[in-house]
Amino acid sequence: MRRSCLPLLLLGLTLGAQVPDAPLGPLPDKPGPSDWSVQLGAMALGLPRNPGSGDTRAVPLPVFNAEWKGRVFLGSSRVAVGLGGGVHAVKTEHWTWDLGVGLGEGRKEARADVLAGMGDRDPSLWAGTGLKFHAGGFHAGLQAAAGLRDDAGVKGSLSFGYAAWLGGRWFGDVSAGATVADAEGTAFDFGVSADQAAARAALIASGDPRLRPGEQRAFAPGGGLERVALTGTLAFVQDAHWRWFGLAQIARLQGDAKDSPLVRNPTYGTLGVGFAYRF
């Protein structure tokens, strides 16, 4: 048996780094004779409308992940943000090195009040690499991804945690992680250009209730630590195929990201419940 996490897929668009992996608990390496291993399910997720926006949204999500011969994977990207795929370039008893691409979620101005005047942004495209280690219940991961368009910059993350049986069919995992970004990467999510600042100033002057005084300023952040997070997950392992799970995450923005005019509350949470079936 090996420990596995089930990534999340939102049809059409993905939620990227906002969404923690759904816990499945231990699974057989080969659940059947096929070269394919497929996991399907659904979940309900409550998360910020935008990181630090101070309001939340509820989202129903399909759950999907597929692997071919334990080497090629599809679903949520293991090495970047959002929907993607790639290959396990190296896969041993304790180490996995992945290469792949990811399609990140677009950003609609109408999603959150704090985004008023920012305009809509198309989905982003990323390429990246990830290194994972696990031994017993301990696991750690290091990822780096570079945006391939729209000056999305470079982001990296480090995580570590511990997973164990809690008794009976219950399986739990607690992990901590941090995300860093260069100046372009931080500006991609938290920057405000001069044109956007002018549009926001006009909205405030017209009495638009979505924005607050001071949120019209231009903002060009630097790079550095962007976010830290603590995640707890719980899975009920019904049998070799069915899993029922829940997750909770608390995150806090750091550095220049925290000081952005797009941030009203730098501390925010994510909650989710769902199920998955493995073929």
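For this chain, numbers begin at 1 and follow the sequence in order. Values below: all heavy atoms of this structure, side chains included; hydrogens, waters and symmetry mates excluded.
- Judged by distance alone, with hydrogens and angles left aside, the side-chain atoms of K91 form a donor-acceptor pair with the main-chain N or O of G70 at under 3.5 Å.
- In this structure, CD in Q143 is found 7.0 Å from OG in S159, a value given to the nearest 0.5 Å.
- Under the 4.5 Å side-chain criterion, counting only non-hydrogen atoms from C-beta, L234 is in contact with W170.
- Checked against side-chain contact (heavy atoms from CB on, under 4.5 Å), A140 has the following partners two or more places apart in sequence or in another chain: F138, F160.
- At a threshold of 4.5 Å between side-chain heavy atoms, the hydrophobic network of Ile, Leu, Val, Met, Phe, Trp and Tyr places F190 and L225 in two separate groups.
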_Worked verdict on W244 versus Q238 for side chain to side chain contact (heavy atoms under 4.5 Å, CB included)_ = CA-CA 8 Å; W244 306 85; Q238 180 173 328; 2.7 Å; yes
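- L262 CG to N50 CG: the interatomic distance, rounded to the nearest 0.5 Å, is 7.0 Å.
- For S53 and R264, the side-chain atoms include no donor-acceptor pair closer than 3.5 Å.
- Residues L253 and Y268 are in side-chain contact: their nearest non-hydrogen atoms beyond the backbone lie under 4.5 Å apart.
- A salt bridge links E226 with K155: the closest approach of a Lys/Arg side-chain nitrogen to an acidic carboxylate oxygen falls below 4.0 angstrom.
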_Would L131 and W95 count as a side chain to side chain contact (heavy atoms under 4.5 Å, CB included) here? Give the steps._
CA-CA 7 Å; L131 183 65; W95 293 92; 3.9 Å; yes
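- Annotation: salt bridge (Lys or Arg N to Asp or Glu O under 4.0 Å) contacts involving residues 190-208, sequence neighbours excluded, comprise D208-R210.
- Grouping the Ile, Leu, Val, Met, Phe, Trp and Tyr side chains by contacts below 4.5 angstrom, directly or via other members, places L99 apart from L148.
- Donor-acceptor pairing under 3.5 Å is lacking for the side chains of W36 and E67.
- In this structure, F171 is not a member of the same hydrophobic cluster as V174, with clusters built from ILVMFWY side-chain heavy atoms closer than 4.5 Å.
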*asked:* Between F279 and L40, does the side chain to side chain contact (heavy atoms under 4.5 Å, CB included) criterion hold? Intermediate values first, please.
replied: CA-CA 8 Å; F279 296 90; L40 294 173; 3.5 Å; yes
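- Closest approach of F188 to D151, counting heavy atoms only: CD1-O, 4.1 Å.
- Between Q254 and V228 there is a side-chain heavy-atom pair separated by less than 4.5 Å.
- Of the possible polar contacts, one joining the R49 side chain to the T56 backbone as a donor-acceptor pair under 3.5 Å is found.
- Contact of the R243 side chain with the R169 side chain is not registered, since no non-hydrogen atoms from C-beta on lie closer than 4.5 Å.
- Considering only residues two or more places apart in sequence or on other chains, R107 meets the side chain to side chain donor-acceptor pair (under 3.5 Å) condition with none of them.
- What you find for R212 and Q216 is that their closest heavy atoms are O-OE1, 4.3 Å.
- M43 is listed as a side-chain neighbour of L247, based on a closest heavy-atom distance under 4.5 Å.
- Put simply, the side chain of V237 does not reach to within 4.5 Å of the side chain of W242, judged on heavy atoms.
- E93 and H134 form no side-chain donor-acceptor contact under 3.5 Å, judged by distance and modelled atom types alone.
- Among all heavy-atom pairs drawn from A257 and V263, the shortest one is O-CG2, 3.3 Å.
- V154 pairs by the side-chain contact (heavy atoms from CB on, under 4.5 Å) definition with A146, D182, not counting sequence neighbours.
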*Give the intermediate values and the outcome of side chain to side chain donor-acceptor pair (under 3.5 Å) for residues R278 and S37.*
CA-CA 7 Å; R278 192 182 198 208; S37 172; 2.9 Å; yes
*Apply ring pair (Phe, Tyr, Trp, His ring centres under 6.0 Å) to the pair H139 and Y162, showing each step before the final yes or no.*
CA-CA 6 Å; H139 56 91; Y162 192 82; 8.1 Å; no
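- One hydrophobic cluster holds both W97 and W68 under the rule that ILVMFWY side chains link at heavy-atom gaps under 4.5 Å.
- Between L271 and L45 the shortest side-chain heavy-atom distance does not fall below 4.5 Å.
- With sequence neighbours excluded, the residues forming a side-chain contact (heavy atoms from CB on, under 4.5 Å) with I250 are L230, T267, listed by chain and number.
- Contact annotation: the side chain of D98 never approaches that of T129 to less than 4.5 Å [non-hydrogen atoms, C-beta and beyond].
- Listed by chain and number, the hydrophobic cluster partners of I204 are L203, L211, where partners are ILVMFWY side chains within reach of under 4.5 Å, directly or through others.
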*Can you check side chain to side chain contact (heavy atoms under 4.5 Å, CB included) on F64 and V38, steps first, answer last?*
CA-CA 7 Å; F64 168 76; V38 180; 4.2 Å; yes
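- Shortest non-hydrogen contact noted between T179 and S157 is OG1-CB, 4.1 Å.
- The line from CE of M118 to CZ of R111 is 12.0 Å long, rounded to the nearest 0.5 Å.
- Considering every non-hydrogen atom in both E109 and G119, the closest pair reads OE1-N, 2.9 Å.
- Contact between P123 and D150 at its shortest, heavy atoms only, is O-OD2, 4.5 Å.
- Cluster annotation: V273 and V63 are assigned to distinct hydrophobic clusters (Ile/Leu/Val/Met/Phe/Trp/Tyr, side-chain heavy-atom contacts under 4.5 Å, transitive).
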*Begin with the C-alpha distance, continue with both residues' side-chain angles, and end with the deciding distance and a verdict on ring pair (Phe, Tyr, Trp, His ring centres under 6.0 Å) for F275 and Y277.*
CA-CA 7 Å; F275 68 92; Y277 182 85; 9.6 Å; no
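- Under the 4.0 Å criterion applied to side-chain N and carboxylate O atoms, D189 and R121 are assigned as salt-bridge partners.
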